[in-house]
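For the single chain, residues carry numbers from 1 onward in sequence order. As the structure is a prediction and not an experimental result, all values here were calculated from the model. Just follow the structure's listing: the first ligand is 1, and inside any ligand the first atom is 1.
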Amino acid sequence: MTLDQFEEMMDSCVRCSKCKYIPQIAIKSQRFSHICPSIQYYNFHAYSGGGRMIMANAYHKGRIDWTPEMLDILYQCTNCGGCEVACKWVYDFEPNEVIHELRVKAIESGVGPMPAHRKYIELVERNNNPYGEPIEKRPAWLSDDIEVDDNSSTLYFVGCTAAYRREEIALSTARLLNVANESFSILGSDEICCGSPVYRVGDSKRAIDIMRDNIELFRERGIERIITSCAGCYNMLKTEYPRFIEHDFEIIHTSQLMGELLKDGRLKPTKEIPLKITYHDPCHLGRMSEPYELYEGEKVELLSQVYIWDPPKPIRQGTHGVYDAPRNVIRQLPGIEFIEMERIREYSYCCGAGAGCKSAYPDFALFAANERVDEAESTGAYALVSTCPFCKTNMQDALKTRRSPMVFYDLTELVLKSVDGGE
Ligand code: SF4
Ligand code: SF4
């Protein structure tokens with residue numbers, strides 16, 4: 001898409017600020033009412049979804065030009081999509097999409113992304129991962145006890161963070177698949193980044209090349225089904241790839257797969273884990289994983305200042321993300337006491353790491369993670385559970401900095417502790 005296509009939307013933003021908070025109907029306390037980590041941290045309207053739409057509109061109409069401050073504001077946003085689901089309660093605008101398009105413009109104009117982003121994009125191009133780790137070390141997490149079937153059409157797409165930074169998640173996933181007798185292949189050192197870190201800072205051109213390379217590789221290997229550990233990989237493969245390149249691979253997140261395996265009795269959670277836990281919905285597994293439907297209808301004036309969309313416009317409200325699968329798995333684990341945080345499902349609060357914020361704005365990323373950990377601790381839970389290695393990295397950093405007694409588990413780690421044949 002282009003900023004042109006959002007012109008009417010940008011013109012229509014009424015500066016109501018609803019995109020800063022979860023919808024009133026879902027607010028449980030003032031303390032945990034924010035949905036936008038950016039406005040909460042920087043505390044000036046420009047740092048909200050609506051504020052960034054005003055900025056994009058002013059740029060689009062030629063009223064302002066790039067400045068270093070403007071670029072910072074543009075990139076001090078985790079692309080978490082919270083503003084969009086909040087706005088949709090009232091106006092159905094897409095600030096997150098507009099922010100993305102302005103980032104695309106920043107790159108086309110040669111001013112974006114930020115230096116930290118340029119550095120990791122170079123690393124993705126050179127080493128196939130944003131961490132700059134050697135290509136041949138990608139499968140180093142694999143231990144001798146794991147059985148991989150090179151001919152399986154089910155691929156475990158490990159992702160850069162699980163492969164190089166959160167190896168324990170890759171291991172627990174592979175072990176669970178072995179316990180359940182679910183055959184899977186991996187791409188090993190041939191696996192390349194899903195493109196999320198590149199795409200999210202607006203480098204669509206390079207991201208589309210990565211998408212093409214990945215799809216070609218999956219086809220070459222005869223892959224039909226792809227399992228992901230990472231919310232970012234899941235979002236890219238499931239939601240963003242089809243916006244540019246059609247594919248018919250089945251994309252499944254580990255939380256969904258565990259649900260299937262538990263239902264079929266191939267995973268049997270028999271070991272009691274006496275633990276009180278809470279669950280964090282990763283934005284890119286939740287609201288951002290809802291398919292994006294490009295709308296090509298038109299706005300028709302029915303009465304004076306009363307408009308309808310013809311044909312009716314689909315509303316992407318985030319409700320169709322992956323929320324039930326992890327919760328259903330958690331509820332089947334004996335001994336676990338599960339308590340929800342205040343901001344859940346499509347109104348989850350971002351961990352703060354996404355869209356290049358962890359690398360370019362680490363203080364902001366840590367603030368958001370701390371905010372989420374505050375909320376998790378307020379439930380009285382002893383463990384914080386989630387389903388994304390990148391969320392784990394950022395929230396563990398927060399737990400460490402504040403010396404919290406709370407522990408963090410990826411859901412696969414918890415399930416492995418509970419099932420017959422697991423740890
Ligand atoms: S983006 Fe939507 S919610 Fe935010 S200020 Fe504009 S109209 Fe209000
Ligand atoms: S995408 Fe998230 S961080 Fe960015 S403006 Fe919207 S709510 Fe705030």
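Using a 30° and 60° split on the angle between ring planes, Phe157 and Phe218 fall in the perpendicular class, above 60°.
Counting heavy atoms closer than 4.0 Å to ligand 1, residue Lys20 contributes nothing at all. Residue contacts with ligand 1 for Ser17 involve N, CA, C or O but no side-chain atom from C-beta outward (heavy atoms, distance under 4.0 Å).
Every heavy atom of Pro95 sits 4.0 Å or more from the atoms of ligand 2.
Among all protein heavy atoms, the one lying closest to atom 2 (Fe) of ligand 1 is Cys87 SG, 2.4 Å. Summary of contacts: the protein heavy atom closest to atom 4 (Fe) of ligand 1 is Cys19 SG, 2.4 Å. Cys13 SG, 2.3 Å is the protein heavy atom nearest to atom 6 (Fe) of ligand 1.
For an aromatic pair to be called close, the ring centres must be under 6.0 Å apart, and Tyr199 with Phe244 satisfies this. For an aromatic pair to be called close, the ring centres must be under 6.0 Å apart, and Tyr47 with Tyr41 fails this.
Per-residue contacts place Met53 under 4.0 angstrom from the following atoms of ligand 1 (heavy atoms of the residue considered): 1 (S). Of all the atoms in ligand 1, the ones that sit under 4.0 Å from a non-hydrogen atom of Arg15 are 5 (S).
Put simply, Cys36 stays out of reach of atom 2 (Fe) of ligand 2, with no N, O or S atom under 2.8 Å from it.
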